[in-house]
Amino acid sequence: MLIVMNPDASQADIDRVNEIIEKLGYKPHPMPGFSRTAIGITGNKGAVDPSHFENLEGVADAIRVTKPFKLVSRDLRPEKSVVKVGDAYIGGDELTLIAGPCAVESYDQVFEIAEAVAASGAKFFRGGAFKPRTSPYAFQGKGEEGLKILAEVREQYGLNIVTEAMDEKGVDLVEKYGDCIQIGARNMQNFSLLKYVGKTRKPVLLKRGLAATLDEFLLAAEYIMAEGNYDVILCERGVRTFGTHARNTMDLSIVPAVRTLSHLPIIVDPSHGTGKNYMVIPMARAGVAVGADGLIIEVHPCPEEALCDGAQALLPSQFRVLEAEVRAIHEALEPQKAVIPA
Ligand code: PEP
Ligand code: MN
């Protein structure tokens with residue numbers, strides 16, 4: 001059930017609807033938009049009786065939701081959402097660039113890359129301290145020590161930190177040191193982890209699973225939002241197909257598909273999406289051209305020595321080329337209506 005308020009409904013009207021939802025034993029999710037607020041209801045087992053709401057002051061409509069997802073849906077908020085991450089925004093008029101190494105390897109490695117990323121004008125720095133590796137013998141990340149290095153990068157360069165958590169303990173640590181919790185492709189359907197990050201108040205970058213459909217992807221975001229954390233950014237990072245020319249197949253058609261169904265921002269990851277250095281810039285251009293809100297890019301000063309994902313890392317000089325090109329492409333596109341958080 002979705003309660004759509006009148007454009008002139010007062011805060012007291014909205015509070016009254018929230019109260020009734022809570023009295024019924026459900027959870028209200030008020031979502032202010034440009035012209036009106038809508039309130040999503042979760043926690044109900046069967047259909048909710050619309051007569052509880054229809055005659056209340058300020059209520060325009062009580063609508064049954066037929067899609068499998070509610071809170072991620074454009075029915076709840078017809079405009080795009082903008083998510084605040086640290087002191088910057090994702091999903092607004094400005095193109096988001098998140099750049100940095102796959103993994104935090106050392107203080108010197110991270111600071112060399114951070115210097116280049118900060119000089120480029122990107123506002124977000126990435127780097128994994130907890131790495132989900134296929135082999136248990138591969139470098140697993142520096143853990144809390146790595147997060148401390150990332151926190152120093154924020155201190156020194158003012159970059160907002162995006163970094164992955166793989167379990168609940170990791171979430172607690174990323175909350176402490178970082179600005180945005182990345183949930184990796186392999187954990188997209190780790191439902192207990194999704195619920196856990198849903199209880200935090202840090203924004204979440206949710207990467208699409210290796211074989212996830214659009215509905216599965218949006219329902220994973222719904223898990224986080226149903227717990228009350230509405231600051232979710234989606235990320236297309238390629239899916240498994242029969243192709244062997246690239247590490248994954250970047251499914252760019254998901255960007256317009258997400259736009260029609262969801263108000264959440266979506267960025268693309270041409271680094272993991274292709275796995276190959278020479279493909280990253282062309283696919284980054286394509287990602288921006290298709291309407292993504294931003295890009296997440298792996299950068300390393302010495303890719304052949306990288307402890308993780310060296311084959312797809314851009315040199316800092318290549319990242320500068322990418323940045324100039326994708327900003328020009330983004331400039332050419334029509335801005336879309338978006339709701340900037342208070
Ligand atoms: C990463 O961003 O370094 C990463 C491991 O990504 P994914 O979960 O998309 O493989
Ligand atoms: Mn990587």
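All of these numbers come straight from a predicted model, not from anything done at the bench. As the structure lists them, so they are numbered: ligands from 1, and atoms in each ligand from 1. Below, all heavy atoms of this structure are taken into account, side chains as well, without hydrogens, waters or symmetry copies. Throughout, numbering of the chain's residues begins at 1 and tracks the sequence.
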| request: Please say which of K199, R201, K195 ends up in a salt bridge (charged side-chain N to carboxylate O under 4.0 Å, His left out) with E227. | output: K199
| field | Contact with ligand 1 for G128, non-hydrogen, under 4.0 angstrom | value | no
| Of all the atoms in ligand 1, which lie at a distance below 4.0 Å from a heavy atom belonging to E298? | 3 (O)
| said: Working to the nearest 0.5 angstrom, can you tell me the gap between Y177 OH and I161 CD1? | reply: 13.5 Å
| field | Atom of D309 nearest the Mn ion (ligand 2) (restricted to N/O/S, atom name only) | value | OD2
| field | N or O contact, R186 vs ligand 1, cut-off under 3.5 Å | value | yes
| With the Mn ion (ligand 2) as the point of reference, which N/O/S atom of E298 is the closest? | OE2
| query | Does the N or O separation between A185 and ligand 1 drop below 3.5 Å for any pair? | reply | yes
| request: Have a look at R208, K131, R237, M188 and point out the one with the heavy atom closest to atom 7 (P) of ligand 1. | output: R237
| said: How long is the straight-line distance from CE of M225 back to NZ of K70, given to the nearest 0.5 Å? | reply: 12.5 Å
| For ligand 1, which atoms have a heavy atom of G184 less than 4.0 angstrom away? | 8 (O)
| request: Verify the distance criterion only: is there a donor paired with an acceptor across the side chains of S253 and D251 at less than 3.5 Å? | output: yes
| query | With atoms numbered from 1 as shown, which atoms in ligand 1 lie under 4.0 angstrom from a non-hydrogen atom of C102? | reply | 3 (O)
| task | Answer yes or no for C308: is there an N/O/S atom below the 2.8 Å cut-off from the Mn ion (ligand 2)? | result | no
| remark: CG of L205 to CD1 of I90, rounded to nearest 0.5 Å, is 7.0 Å
| task | Quickly, which of D13, D8, N6 forms a side-chain hydrogen bond (donor to acceptor under 3.5 Å, both in side chains) with S10? Name it, please. | result | D13
| field | Charged N-O contact under 4.0 Å between D293 and R259 | value | yes
| field | Of the N, O or S atoms in H272, the one nearest the Mn ion (ligand 2) | value | NE2
| request: Please determine if R126 has a nitrogen or oxygen closer than 3.5 Å to a nitrogen or oxygen of ligand 1. | output: yes
| Presence of salt bridge, D75 and K67, under 4.0 angstrom | yes
| Nearest neighbour in protein (non-hydrogen) for atom 6 (O) of ligand 1 | K207 NZ, 3.0 Å
| request: Considering only non-hydrogen protein atoms, determine which one is nearest to atom 4 (C) of ligand 1 and report residue, atom name and distance to 0.1 Å. | output: H272 NE2, 3.5 Å
| request: Would you please classify the geometry between the Y157 ring and the F111 ring as parallel, tilted or perpendicular, with 30° and 60° separating the classes? | output: tilted
